[in-house]
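Data first, discussion second: the structure below is written as structure tokens.
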Amino acid sequence: VFGKDVNLILVLNNLSSDRKSVRVDMSASTILYTRRAVAEILKAATSVELGPKQGKHIRVKIPYTHYGKYLTTDKRIQVTALCEVMHTNGLKLLVEKTIILEDTNIIIKLPRRVVVNRAVSLEISYANPLPEPVSRCVLLVTLMNQQVKINLARLAPRERSKIFFEFTPRRVGPLQLQVDFSCDKFSHVKGFVTIAVAPA
């Protein structure tokens with residue numbers, strides 16, 4: 001989840017009946033959706049001894065403090081592990097994984113029934129998932145082809161807050177409400193709901 005440490009496990013299995021020594025070079029970078037690297041955030045190397053038919057786990061932790069300021073709006077991290085089996089003329093295996101960090105910031109609560117031409121109030125809650133305060137918080141609410149910009153107070157570390165948004169639907173049928181939350185430390189955290197507007 002965005003704002004928290006990333007914990008991974010690399011599983012190595014020796015399928016042979018011989019003892020193996022494996023060197024593991026690990027790296028991680030924040031990337032764009034095109035897979036282009038933005039910044040390297042982890043580089044580590046370790047060696048593992050595997051007995052016959054033995055498996056071992058290597059734990060990898062990428063703290064938020066390492067990736068936070070380098071993450072783009074795509075919220076992607078590419079992790080690679082180059083595993084080299086020693087004394088085998090350079091037998092190597094490359095393992096890659098792309099992690100997309102989830103947002104859990106925006107929650108939109110609707111009343112049970114929404115009726116055309118009758119005012120309705122929605123609850124929009126938003127959060128700072130980071131271990132540090134954020135400021136210059138802005139919500140951009142898009143509904144019925146109109147955008148409303150709402151300036152918000154700063155949020156303490158891990159703080160959640162909420163506002164009430166009132167509007168009057170002018171037609172029956174589905175309406176899509178989109179919310180975009182930005183601040184000085186991250187931007188474009190999105191949430192949306194489809195509202196079923198009933199006849200009067």
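Looking at residues two or more places apart in sequence or on another chain, you find no side-chain hydrogen bond (donor to acceptor under 3.5 Å, both in side chains) involving Arg19. Scored by the side-chain hydrogen bond (donor to acceptor under 3.5 Å, both in side chains) test, Thr168 finds no partners at all (sequence neighbours excluded).
Atoms CD and CD1, from Glu123 and Ile108 in turn, are 11.0 Å apart once rounded to the nearest 0.5 Å. For the atom pair CZ (Arg59) and CG (Asn7), the distance works out to 8.5 Å, reported to the nearest 0.5 Å. With values rounded to the nearest 0.5 angstrom, Glu166 atom CD is found 9.5 Å from Leu122 atom CG. Atoms OG and CZ, on Ser29 and Arg76 in that order, are 14.5 Å from each other to the nearest 0.5 Å.
In this structure, Leu50 and Lys56 have side chains that are in contact, with non-hydrogen atoms separated by less than 4.5 Å. Asn128 has its side chain out of reach of Arg158: every pair of non-hydrogen atoms, C-beta onward, lies at least 4.5 Å apart. Using a 4.5 Å heavy-atom threshold, the side chains of Val120 and Pro169 count as touching. A 4.5 Å side-chain heavy-atom check between Val60 and Leu42 finds at least one atom pair inside the cut-off.
Annotation: side chain to side chain donor-acceptor pair (under 3.5 Å) contacts involving residues 37-54, sequence neighbours excluded, comprise Ser21-Glu49. Sorted by first and then second residue, the ring pair (Phe, Tyr, Trp, His ring centres under 6.0 Å) pairs involving residues 111-164 (not counting sequence neighbours) are Tyr126-Phe181. The side chain to side chain donor-acceptor pair (under 3.5 Å) contacts involving residues 130-149 comprise Tyr64-Glu132, Ser135-Asp184, Thr142-Gln147, where partners must be two or more places apart or lie in separate chains.
Considering every non-hydrogen atom in both Thr30 and Tyr67, the closest pair reads CG2-O, 4.2 Å. Asp25 approaches Ala45 most closely through the heavy-atom pair OD1-CB, 3.3 Å. Residues Pro157 and Pro133 share a closest heavy-atom pair of CG-N, 3.7 Å. Between Met144 and Phe167, the shortest heavy-atom distance links the atoms CE-CD1, 3.9 Å. Considering all non-hydrogen atoms of both residues, Val115 and Ala200 come closest at CG1-CA, 3.5 Å. Ala127 and Pro129 get closest at one heavy-atom pair: O-CD, 3.5 Å.
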**OP:** Take Ile62 and Ile41 through the test side-chain contact (heavy atoms from CB on, under 4.5 Å) and record every step on the way to the result.
**Re:** CA-CA 8 Å; Ile62 307 173; Ile41 53 174; 3.9 Å; yes
Original post:
Going through the checks in order, is the side-chain contact (heavy atoms from CB on, under 4.5 Å) test met by Leu10 and Val24?
Top reply: CA-CA 10 Å; Leu10 175 67; Val24 182; 3.8 Å; yes
Original post:
Would Leu12 and Ile58 satisfy side-chain contact (heavy atoms from CB on, under 4.5 Å), going step by step from the backbone distance to the final call?
Top reply: CA-CA 8 Å; Leu12 295 177; Ile58 298 174; 3.8 Å; yes
Original post:
Which is it for Val11 and Asn13 under the side-chain contact (heavy atoms from CB on, under 4.5 Å) test, yes or no, and what are the steps along the way?
Top reply: CA-CA 7 Å; Val11 181; Asn13 286 311; 3.8 Å; yes
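Checked by atom type, the side-chain pair Ser16/Asn14 shows a donor-acceptor distance below 3.5 Å.
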Check residues 77-86 and write down every donor-acceptor pair under 3.5 Å in which the side-chain atom is one partner and the other belongs to a residue at least two apart or another chain.
unit_1 : atom_1 : unit_2 : atom_2 : d
Gln78  : OE1    : Thr98  : OG1    : 2.7
Thr80  : OG1    : Ser27  : OG     : 2.8

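With Leu139 as the partner, the side-chain contact (heavy atoms from CB on, under 4.5 Å) test is satisfied by one option alone out of Ile124, Asp180, Val189: Ile124.
Under a hydrophobic clustering in which Ile, Leu, Val, Met, Phe, Trp and Tyr are joined whenever their side-chain heavy atoms come within less than 4.5 Å, directly or via other members, Ile150 and Val138 fall into different clusters. Under a hydrophobic clustering in which Ile, Leu, Val, Met, Phe, Trp and Tyr are joined whenever their side-chain heavy atoms come within less than 4.5 Å, directly or via other members, Phe192 and Ile107 fall into different clusters. Under a hydrophobic-cluster definition in which Ile, Leu, Val, Met, Phe, Trp and Tyr are linked whenever side-chain heavy atoms come within less than 4.5 Å, directly or via other members, Val38 and Val6 are assigned to different clusters. Note: the hydrophobic cluster containing Val148 also contains Val179 (ILVMFWY, side chain heavy atoms under 4.5 Å, direct or indirect links). No single ILVMFWY cluster, assembled from side-chain heavy atoms under 4.5 Å apart, contains both Ile31 and Leu101.
Of the possible polar contacts, one joining the Ser182 side chain to the His188 backbone as a donor-acceptor pair under 3.5 Å is found.
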